[in-house]
*Asks:* 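After the structure tokens below, expect a handful of questions from me.
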Protein chains: 2
Amino acid sequence: MKFSARFEYALLALLYLKCEPDESPISGRVLSEKLSLPYRFLEQILTDLKKAGLVRSVRGYHGGYRLAVEPEEISLYDVFRVTEGKLEPYNCGEGENGDRCGQSHNMCVISSFYDDIKDTMTNLLKSYTLDKLCQASRNMGAPKAAPAANV
Amino acid sequence: MKFSARFEYALLALLYLKCEPDESPISGRVLSEKLSLPYRFLEQILTDLKKAGLVRSVRGYHGGYRLAVEPEEISLYDVFRVTEGKLEPYNCGEGENGDRCGQSHNMCVISSFYDDIKDTMTNLLKSYTLDKLCQASRNMGAPKAAPAANV
DNA sequence: ATAATTTACATCGAATCGATAGGAATTATG
DNA sequence: CATAATTCCTATCGATTCGATGTAAATTAT
């Protein structure tokens, strides 16, 4: 029940690309230095973000990365799916384990609870967009004030 | 962002203790057979549950486990804390990493988002009690119906 | 005394995770 | 065309976690 470094780094990179917009694309090297993140590792993540279509990349001399989508369109749910995989913590009935609910109704109860968790998380993640987060970042004066986006 | 097997096993064990109440305590061996769970591993978990005060144990010949608290009192949040540890996915300012928000406001934005996640999860976990889950299990006729507890 | 049980501790194998490294492909620039 | 800068692909490493097993000691009703 923790977020991975991948998720955090992806988020920081995307926020940087959004909040510090530039004419030319920003290279992975520069990005890693600005954010104090390990270069190679960050590029792995950027590659994943690219495959998911959240980021475009330009190769070669003045190459680098930039957002591929409007920042209102990018939600943390998108980022999550790229870095953490799918959001299905329980398999009831399908999957390699077979039908586990056949054994006991308690399994099914747990399963429906997991579904609830999943839905709640999904909605919460979808409610946060890059755009909102960036605005919140600009409004940062008080260290730990507003919850930033409570719908 | 997945629940561990520990959490699931603990939940199944607690549900069994609650839903199939008995005069004498239920041994770890029996529990593991009824639930088709690995014996040793389950006992590890039961030990943890005992340390947390959710379960009582009786040693010796007719020993075994039983609930230590009223099932209305046991929430999934309690179980979560035993099996998954604490629920703090981000450390902003404190901890060994030092103050990360000093570097960039984006960090603080992420941090407040993490807080939101944490609160939401906490509330959701607290809203589920053993008692509710057990009732839902009894009402199981339709395979995948009611969300069981949406407060 | 014996059998059944919890309890403590040690370890194991596999998987995951964060991170690093080398090198190939691509591209602007001179 | 050559070069430097960059993305991209793949392999690997070390550490940690996770699920699980094993051994042996302490406890207790019979």
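Every chain is numbered from 1, with letters handed out A, B, ... down the list of sequences.
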*Asks:* Please find the pair of heavy atoms, one from L133(B) and one from L15(B), that lie closest to each other, and give the distance.
*Replies:*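 Answer, listing the atom of L133(B) first, then L15(B): CB-CD2, 3.9 Å.
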*Asks:* Which of the following nucleotides, dA3(C), dA26(D), dT27(C), is nearest to the side chain of R59(A)?
*Replies:*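 Shortest atom-to-atom distance from the side chain points to dT27(C).
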*Asks:* May I have the distance from K2(A) (atom NZ) to dT16(D) (atom P), rounded to whole angstrom?
*Replies:*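 In whole Å, dT16(D) P lies 13 Å from K2(A) NZ.
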*Asks:* Return yes if the base of dG22(C) and the side-chain atoms of R40(A) contain a donor-acceptor N/O pair under 3.5 Å, otherwise no.
*Replies:* yes
*Asks:* Regarding Y39(A), tell me which of base, sugar-phosphate or nothing describes its non-hydrogen contacts under 4.0 Å with the strands shown.
*Replies:* base
*Asks:* Would you mind telling me which of dA19(C), dT21(D), dA29(D) lies closest to the side-chain atoms of P38(B)?
*Replies:*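 In terms of side-chain proximity for P38(B), the closest of dA19(C), dT21(D), dA29(D) is dT21(D).
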*Asks:* Please state how far atom CZ in F41(A) lies from atom C1' in dC13(D), giving the value in whole angstrom units.
*Replies:* 14 Å
*Asks:* With nearest nucleotides of DNA chain C determined for V58(A) and Q44(A) from heavy-atom distances, which residue corresponds to the more 5′ nucleotide?
*Replies:*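 Its nearest nucleotide being more 5', the pick is Q44(A).
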*Asks:* May I ask you to verify if any side-chain N or O of Y9(B) is less than 4.0 angstrom from the OP1 or OP2 atom of dA20(D)?
*Replies:*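 For dA20(D), OP1/OP2 do have a side-chain N/O of Y9(B) under 4.0 Å.
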*Asks:* In terms of relative ring orientation, are F80(A) and F3(A) parallel, tilted or perpendicular, with 30° and 60° separating the classes?
*Replies:* perpendicular
*Asks:* What's the CG-P distance between L31(A) and dT6(D), to the nearest Å?
*Replies:* 12 Å
*Asks:* If you assign H62(A) and L42(A) each to the DNA chain C nucleotide with the nearest heavy atom, which residue ends up on the more 5' nucleotide?
*Replies:* L42(A)
*Asks:* In whole angstrom, give the distance that lies between atom OH of Y61(A) and atom C1' of dA25(C).
*Replies:*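 Taking OH of Y61(A) and C1' of dA25(C), I get 18 Å after rounding.
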*Asks:* Start at the 5' end of DNA chain D and walk down; is the nucleotide closest to K51(A) or to G63(A) reached first?
*Replies:* G63(A)
*Asks:* Can you measure E33(A) atom CD to dA5(D) atom P for me and round it to whole angstrom units?
*Replies:*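 Whole-Å distance recorded here is 13 Å.
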*Asks:* Closer than 4.0 Å, any side-chain N/O of S57(B) to the OP1 or OP2 of dT7(C)?
*Replies:* yes
*Asks:* Using the side-chain heavy atoms of R6(A), tell me which of these nucleotides is nearest: dA20(D), dT30(D), dG18(C).
*Replies:*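 So the side chain of R6(A) is nearest to dG18(C).
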*Asks:* Which nucleotide, dC9(D), dT6(C), dG19(D), lies nearest any side-chain atom of E43(B)?
*Replies:* dT6(C)
*Asks:* Distance check: side-chain N/O of K50(A) vs OP1/OP2 of dT7(D), anything under 4.0 Å?
*Replies:*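 False: K50(A) side-chain N/O out of range (4.0 Å or more) of dT7(D) OP1/OP2.
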*Asks:* Which atom names give the shortest non-hydrogen contact between A10(A) and L49(A), and what distance separates them?
*Replies:* CB-CD1, 4.1 Å
*Asks:* How many Å lie between CD1 on I45(B) and C1' on dA8(C), as a whole number?
*Replies:*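 Rounded to the whole Å, the gap is 16 Å.
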*Asks:* Taking only N and O in the side chain of S27(A), is any of them less than 4.0 Å away from OP1 or OP2 of dA5(D)?
*Replies:* no
*Asks:* Mark yes or no for a side-chain to base donor-acceptor pair under 3.5 Å between R29(A) and dT7(D), with no hydrogen or angle criteria applied.
*Replies:*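 No, the side chain and the base share no sub-3.5 Å donor-acceptor pair.
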*Asks:* Check for a donor-acceptor pair, side chain of T120(A) on one end and backbone N or O of D116(A) on the other, with a separation under 3.5 Å.
*Replies:*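 Yes; at least one donor-acceptor contact below 3.5 Å.
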*Asks:* Whole Å only: how far is the CG atom of D48(A) from the P atom of dC17(C)?
*Replies:*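 Spelled out: CG on D48(A) to P on dC17(C) is 12 Å.
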*Asks:* What are the two closest heavy atoms between K18(A) and C134(A), and how far apart are they?
*Replies:*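 Here K18(A) and C134(A) meet closest at CG-SG, 3.8 Å.
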*Asks:* Provide the closest heavy-atom pair for L46(A) versus G28(A) in the form atom of the first, atom of the second, distance.
*Replies:*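 Minimum heavy-atom contact is CD1-CA, 4.4 Å.
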*Asks:* Nearest whole angstrom, please: distance from the C1' of dA15(C) to the CD of E84(A).
*Replies:*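 Rounding to the nearest Å, CD of E84(A) and C1' of dA15(C) are 16 Å apart.
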